[in-house]
Amino acid sequence: MTTTYAVLSEGLEKSYGEVHALRGLDLAVPEGAVCGLLGPNGAGKTTAVRIFTTLTAPTGGRALVAGHDVTRDPGVVRRAIGVTGQYASVDGDLTGRENLRLFARLAGLRGSAGRDRADGLLERFGLGEAADRVAGTWSGGMKRRLDLAAGLITRPRVLFLDEPTTGLDPAAREQIWSAVRDLAAEGTTVLLTTQYLEEADRLADDVVVVDRGRAVATGAPAELKALIGAYAEVAVAAREALSGAAVVLDRLTGGRPALDEERLTVGVTVIDPGLTLPRIVRALDSAGVPVTDASLRPPTLDEVFLRLTRMPAARKEPVAQKENAA
Ligand code: ATP
């Protein structure tokens, strides 16, 4: 079966003089999927979104959105997409309803078609009650939902969200996540950029970790977590026992155990899935280490990210290469 991709880039490059923002970014987002572009400041995420949304031209490689080349068919691409930025694009002097009706007019929806679309989106995002107050008085979370609604006026096939929840409190973030999940359930393809690992973990089918203009790893959040295994931590009864515990954990894992002299713990990354907690505790027991507590937990995406982006260049290979669209 041939997979069709809503967003595809091959060897995408963008240089601003000496600054190479993108150095050959490969990306393949299947139709209907949510893809999280995860990376630190300056990784090139916004540059990639600007190219996909036809706001800037690549200096190398190619990018296709909804099957169309962003450089050759920018008009067709624009009609297929919605964009929500890091900063809400709403006008604080207009009411919520006026804002959305304005976006509808700009999108070419005239008369009742525009009004109905705007009113429907206000209800859908729980903004109906506040709709006739000026948006300048709204909370940050409400403005961001209005911004998201504005990006949906045209019923886009592909939605680009550039850091959609930056600066929002947990409750407002949860509301945006829920809206994104609903859109995905309806079949909209979503490409979101984020620095929040939890956001990628909660929303994305696939995460692409971007570092210095390239994808350094691609996979489902669970695959990326599996890549760096688990984290074992044991607590011991006395400070003198710390080094003994470290020796045992080093022997079992070949890792470099980290000692915490205040908490009396030793922690280490465990790659071997066969190394279970009972095996670890038995080995410590046999060595006479007085263990008071022990845990083996999956890594957070934070740990995955740090691990991937600090790996030597030779190991920075995508973990799951996607087939290109035929
Ligand atoms: P952030 O999370 O901070 O938004 P990002 O991953 O989105 O970061 P980009 O904004 O794409 O990163 O920037 C990638 C690199 O390109 C950075 O080094 C940035 O300084 C540079 N850059 C981006 N836009 C321009 C521009 N218009 N002119 C010159 N350099 C630029």
Side-chain angles (χ1 to χ4, degrees), residues 7-29 34-65 70-71 74 77-78 81-90 140 143-144 147-148 151 158-169 172-173 176-177 180 189-204 206-219 221 224 300-311 313 316 318:
V7 183
L8 183 72
S9 71
E10 291 169 337
L12 199 61
E13 291 176 18
K14 178 72 182 182
S15 298
Y16 298 99
E18 296 289 292
V19 180
H20 304 297
L22 294 178
R23 308 162 184 258
L25 180 72
D26 294 326
L27 201 68
V29 186
V34 178
C35 175
L37 218 54
L38 184 67
N41 280 322
K45 306 178 301 289
T46 300
T47 302
V49 168
R50 286 177 58 78
I51 292 174
F52 289 130
T53 55
T54 79
L55 295 173
T56 191
T59 48
R62 66 178 194 140
L64 304 183
V65 173
V70 295
T71 311
V77 169
R78 270 177 226 142
I81 64 172
V83 188
T84 296
Q86 206 164 321
Y87 301 101
S89 60
V90 300
K143 282 188 212 160
R144 208 67 72 88
D147 194 39
L148 184 55
V158 189
L159 183 65
F160 292 89
L161 304 175
D162 196 7
E163 302 198 8
T165 63
T166 296
L168 295 186
D169 63 40
R173 186 174 294 170
I176 297 278
W177 288 348
V180 172
T189 306
V190 179
L191 180 75
L192 75 112
T193 74
T194 185
Q195 295 188 40
Y196 294 124
L197 306 141
E198 191 195 353
E199 184 157 276
D201 198 10
R202 296 274 295 272
L203 288 182
D206 270 314
V207 177
V208 176
V209 182
V210 185
D211 188 34
R212 281 167 285 179
R214 273 197 203 103
V216 294
T218 304
L224 292 177
T300 62
L301 214 45
D302 251 319
E303 288 161 350
V304 173
F305 180 72
L306 284 175
R307 170 112 177 190
L308 290 171
T309 55
R310 281 181 191 166
M311 272 183 185
K316 286 182 172 178

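Note that the numbering runs from 1 along the sequence shown for the chain. Values reported hereafter were calculated over all heavy atoms of this structure, with side chains retained and with hydrogens, waters and symmetry mates removed. Quick caveat, the model's predicted, so the values are computed rather than measured. Whatever order the structure lists them in is the order used to number ligands and atoms, beginning at 1.
Atom OG1 of T166 and atom OH of Y196 lie 5.0 Å apart (nearest 0.5 Å). Atom CG of L191 is separated from atom OG1 of T53 by 10.0 Å, given to the nearest 0.5 angstrom. Rounded to the nearest 0.5 angstrom, W177 CH2 and L168 CG are separated by 10.0 Å.
Of all atoms in ligand 1, listed by their number and element, those nearer than 4.0 Å to a heavy atom of V19 are 16 (O), 18 (O), 21 (C). Close approach of ligand 1 to A43 is summarised as follows: ligand atoms under 4.0 Å from at least one heavy atom of the residue are 5 (P), 6 (O), 12 (O). Here is the list of ligand 1 atoms found below 4.0 Å of a heavy atom in E163: 2 (O), 4 (O). Listed by number with element, the atoms of ligand 1 under 4.0 Å from a non-hydrogen atom of K45 are 1 (P), 2 (O), 5 (P), 6 (O), 7 (O), 8 (O), 11 (O), 12 (O). Within the listing of ligand 1, atoms 2 (O) sit less than 4.0 angstrom from a heavy atom of Q195.
Residue-ligand proximity: K14 is placed with every non-hydrogen atom at 4.0 Å or more from ligand 1. Under a 4.0 angstrom heavy-atom cut-off, P40 registers as being in contact with ligand 1.
Closest heavy-atom approach to atom 15 (C) of ligand 1 among the candidates S15, A21, G17: A21.
Between the side chains of E163 and T193, no donor-acceptor pair of N or O atoms lies under 3.5 Å.
Judged by distance alone, with hydrogens and angles left aside, the side-chain atoms of T194 form no donor-acceptor pair with the main-chain N or O of A200 at under 3.5 Å. R144 contributes no side-chain N or O that, together with a main-chain N or O of I176, makes up a donor-acceptor pair within less than 3.5 Å.
Applying the salt bridge (charged side-chain N to carboxylate O under 4.0 Å, His left out) test to R214 and every residue at least two apart in sequence or in another chain returns nothing.
A57 approaches I51 most closely through the heavy-atom pair C-CG1, 4.5 Å.
The shortest N or O to N or O distance between G39 and ligand 1 is not under 3.5 Å. When only interatomic distances are considered, the shortest N/O to N/O separation between G44 and ligand 1 falls below 3.5 Å. Residue G42 has at least one N or O atom closer than 3.5 Å to an N or O atom of ligand 1.
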